[in-house]
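Some notes on the structure that comes next.
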Amino acid sequence: MTGKSAIYRRALDRFETAMRIPHRPAGETAGAAFQEAGIARSTAARDLLVLEQRKFLARDSYGDPVLGSEAWRVGYSAWGHGDAGPMAATIVRYLRVQTRRTAFLGVVTGKELTLLAFSLGRGNDYTAPDRNASYLLHRKIDTETRGAVHGMSSSASPAGFSIAPVAETSGVILVAGLLCRRDEAGIDPDRVVVLRDATRKLRIGLSGYGL
Amino acid sequence: MSGPSNVERICRVLSAFDADNGALRRSDILKRAGIGRSTGYGLIRELLARGYLEGIGHGCFRLGPTARNMAQASVERAVIGPTLPGQFRRFDAGPLDLGLTDGLFELVSGPVPPGPPPWKIGFANASTSNPWRRALLASFRHGCGLHRDQIADTVVADAGDDASRQISQITEMLDGGVAALVVSAAPDPGGDLAGCLAAVRDRGVPLVAVDRRTGGAATHDSFVAASGEMIGKLSAIWMKEHLGGAGRVWLLSGLVDSSPAVRRLAAAREIFDADEGIVVEAVQHTGWTREGGQAEIARLLDTGHPPPDGVWCDSGLQGLGSMIEFDRRGLVIPPHTGGDVNGAYRFALERGVAFCAIDYPAAMGARAVEVLLDLLQGSPVPRRVEVPVLAVLPRGRETRSIKADVWAETYVKWDQPDEYVLAQGRGRSLR
């Protein structure tokens with residue numbers, strides 16, 4: 001049994017090494033990640049193929065590994081919102097392109113906001129998420145809450161958000177949002193309109209799944 | 001034949017859970033994952049130890065905290081410059097007016113699947129007349145290679161941009177036993193091809209349109225493309241802002257009656273026409289070729305038009321030809337738009353041309369294969385699948401609204417030929 005456990009642990013190590021590749025900084029190669037982990041190239045190539053076939057990894061238009069639709073689905077399912085997973089990339093990318101802001105599809109439990117899929121804003125004017133992507137909001141929100149909220153990151157940085165709720169499952173509220181400066185969260189009505197339009201369409205899409 | 005690898009088994013176990021993360025018994029997990037008990041129990045134990053699963057009593061499990069972390073990620077890899085967590089900066093540009101297509105959120109199911117895999121699938125390609133179209137074909141083949149366990153055979157046809165020839169080719173494919181089709185539609189001004197495709201769907205053949213489509217929703221189950229509106233608008237906004245809101249521009253479109261060209265041109269005109277300071281002096285079609293771009297610029301200059309302040313191209317396929325013609329005549333090359341091919345980037349960077357490229361990814365060929373396989377498996381797919389585009393600009397050429405996703409200087413492939421299409425998404429080897 002010990003031998004088998006070791007085999008499964010090694011498989012999990014390989015799985016985790018491969019799934020970390022999309023998170024590596026641009027310029028760092030997949031090959032280097034496997035080499036650091038002591039995984040043979042042939043094994044790594046087989047693992048990558050399996051993960052692409054199972055849609056845990058995908059390639060972007062430039063051939064670089066990114067998270068695949070099934071990885072998003074599993075991750076969002078773990079929060080009880082799995083149907084939003086395959087749509088997450090589309091919606092945050094649109095929100096980011098339209099607003100140039102950092103856009104996200106996150107979850108709120110109690111007063112804690114966790115950013116899940118996000119797309120970083122562009123130019124010199126974007127706001128980057130906290131390293132842990134987790135914030136303590138100044139107040140509880142519910143499915144009727146719209147617009148501005150602010151909070152504190154785990155590293156004690158203040159942050160502002162424009163958010164719009166999408167759906168609630170077992171006390172976990174799925175929200176779409178934009179990351180802003182604390183003092184301007186939600187003050188731009190045009191951005192709130194963009195956000196509401198996106199969440200409305202996402203909600204309609206999710207209702208097709210039966211939520 | 002060997003069984004699935006343990007990495008594959010891990011994927012299967014994680015995928016066994018429903019969207020609401022309802023609890024499952026160990027035996028249900030293994031049944032859904034298609035894994036035997038002797039392997040499965042040990043694997044579940046390790047997944048529990050790492051937090052991918054959590055026990056909730058009575059022998060039931062659900063996805064756990066490590067699985068929750070899987071969804072904490074950026075949706076794209078390439079972003080510019082160092083990012084300082086928690087950093088806030090001033091921002092003063094308003095939102096762009098881009099529609100969020102309803103089809104992105106509308107799920108559709110295909111016809112009844114024709115039977116278990118492997119399947120024979122066909123690709124009716126409009127043409128292979130330019131490097132981008134050849135890259136689309138390469139991406140399609142790459143996608144088929146990735147899923148060779150589900151694909152018994154592929155049939156590919158090149159219609160030479162002739163709708164009637166494409167109709168014949170599709171008929172031949174179906175007579176030859178093709179179970180499902182990817183179609184990039186040839187220009188179809190008479191609507192005959194649209195009628196053919198609707199009839200194919202009526203026969204219960206799953207059909208995915210890629211890049212170009214004809215007719216309405218009746219002609220395909222799903223449409224895979226990048227947003228023509230986004231490409232047209234973003235590039236036009238860049239041109240307008242780069243020119244300071246005033247100037248004469250020439251528009252070089254792609255192929256007459258081709259849906260991406262029509263959408264991009266309409267979106268660009270919306271931006272230019274809304275601004276009185278911008279005068280659209282000419283709209284030409286180039287067939288998306290370097291020669292076409294060069295010929296149209298030559299024609300305009302030869303007929304006495306002074307060089308414009310900017311040339312909007314919906315692709316670098318013709319944009320390269322345009323720049324070459326200005327250069328050949330010893331004229332200052334005006335600001336250009338249009339990317340896609342390596343040559344356009346290289347030429348513009350070598351000569352210091354101000355430009356903005358919104359690449360139209362040929363990688364959509366592989367994505368179309370994935371969508372088709374989902375349909376064949378009976379899975380619902382989005383009515384519209386959008387492949388993301390990137391804004392590529394040289395350093396110092398960003399405008400108020402248009403920011404670079406990647407710098408052209410790092411994006412260009414100096415060691416590749418002009419025809420090389422950058423966004424074709426083919427898996428790189430492990431470097």
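Every chain is numbered from 1 and lettered A, B, ... according to where its sequence line falls, protein lines coming before strand lines.
In this structure, chain A has heavy atoms under 4.5 Å from both the backbone and the side chain of B:Ser15. There is no contact between B:Arg383 and chain A, counting heavy-atom distances below 4.5 Å. Heavy atoms closer than 4.5 Å to chain A are found nowhere in B:Leu373, neither backbone nor side chain. Of the atoms belonging to A:Leu202, heavy atoms from both backbone and side chain fall under 4.5 Å from chain B. With a 4.5 angstrom heavy-atom cutoff, A:Phe56 touches chain B only via side-chain atoms. The contact between B:Ile10 and chain A is made entirely by side chain atoms (from C-beta outward), counting heavy-atom distances below 4.5 Å. With a 4.5 angstrom heavy-atom cutoff, A:Val92 touches chain B only via side-chain atoms. Residue B:Arg62: no heavy atom, backbone or side chain, is found under 4.5 Å from chain A.
Residues satisfying the ring-ring contact (aromatic ring centres under 6.0 Å, His included) criterion with B:Tyr411, sequence neighbours excluded, are A:Tyr62, B:Tyr345.
Within 6.0 Å of CD on B:Gln377 lie more than 12 heavy atoms contributed by other residues, nucleotides or ligands.
Between A:Arg96 and B:Glu76, at least one side-chain N (NZ, or NE/NH1/NH2) sits under 4.0 Å from a carboxylate O, which counts as a salt bridge. Taking the charged nitrogens against the carboxylate oxygens, B:Asp18 and A:Arg73 have no contact shorter than 4.0 Å, which rules out a salt bridge. Salt-bridge check for A:Arg93 with B:Glu386: failed, with every basic side-chain N at 4.0 Å or more from each acidic carboxylate O.
Within the 4.5 Å cutoff, no side-chain heavy atoms of A:Phe104 are placed close to those of B:Val75. Using a 4.5 Å heavy-atom threshold, the side chains of A:Tyr76 and B:Met70 count as separate. A heavy-atom distance below 4.5 Å is found between the side chains of B:Cys11 and A:Leu51.
Among the candidates B:Arg68, B:Glu8, B:Glu54, B:Gln72, the residue making the largest number of heavy-atom pairs closer than 4.5 Å to chain A is B:Arg68. Of the listed residues B:Pro361, B:Ala391, B:Pro388, the one with more heavy-atom pairs under 4.5 angstrom with chain A than any other is B:Pro388. When the candidates B:Leu63, B:Val389, B:Val7, B:Asn6 are compared by the number of heavy-atom contacts under 4.5 Å with chain A, B:Val7 comes out ahead. Interface check for chain B: of the options A:Glu70, A:Glu16, A:Arg10, the most heavy-atom pairs under 4.5 Å are formed by A:Glu16. Most heavy-atom pairs under 4.5 Å with chain B: of the set A:Gly82, A:Ser69, A:Ala58, this distinction falls to A:Gly82.
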Problem set entry | Stepwise side-chain contact (heavy atoms from CB on, under 4.5 Å) test for B:Arg9 and A:Val50 | CA-CA 10 Å; B:Arg9 290 186 178 111; A:Val50 164; over 6 Å; no
For this session: Might you work through the side-chain contact (heavy atoms from CB on, under 4.5 Å) test for A:Leu12 and B:Tyr52, ending with a clear yes or no?
Result: CA-CA 10 Å; A:Leu12 266 167; B:Tyr52 286 97; 3.8 Å; yes
For this session: Begin with the C-alpha distance, continue with both residues' side-chain angles, and end with the deciding distance and a verdict on side-chain contact (heavy atoms from CB on, under 4.5 Å) for A:Val97 and B:Leu234.
Result: CA-CA 9 Å; A:Val97 171; B:Leu234 295 183; 4.3 Å; yes
For this session: Just do the side-chain contact (heavy atoms from CB on, under 4.5 Å) check on B:Gln150 and A:Gln53 with the steps written out, would you?
Result: CA-CA 10 Å; B:Gln150 297 175 65; A:Gln53 287 174 337; over 6 Å; no
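One finds the CG atom of B:Leu43 at 11.5 Å from the CD1 atom of A:Ile7 (value rounded to the nearest 0.5 Å). Remark: B:Ile402 CD1 to A:Arg100 CZ distance equals 6.5 Å, nearest 0.5 Å. Distance check, rounded to the nearest 0.5 Å: CE of A:Met19 to OG1 of B:Thr66 gives 12.5 Å. From A:Asp60, atom CG reaches atom CG of B:Leu390 across 7.5 Å, with rounding to the nearest 0.5 Å. Distance check, rounded to the nearest 0.5 Å: OH of A:Tyr94 to OG of B:Ser227 gives 4.0 Å.
In this structure a side-chain-to-backbone donor-acceptor pair under 3.5 Å is missing from A:Arg9 to B:Glu46. Under the 3.5 Å distance criterion, the side-chain polar atoms of A:Tyr8 are matched with a main-chain donor or acceptor of B:Thr39.
Remark: the A:Ser61 side chain and the B:Gln424 side chain contain no N/O donor-acceptor pair separated by less than 3.5 Å.
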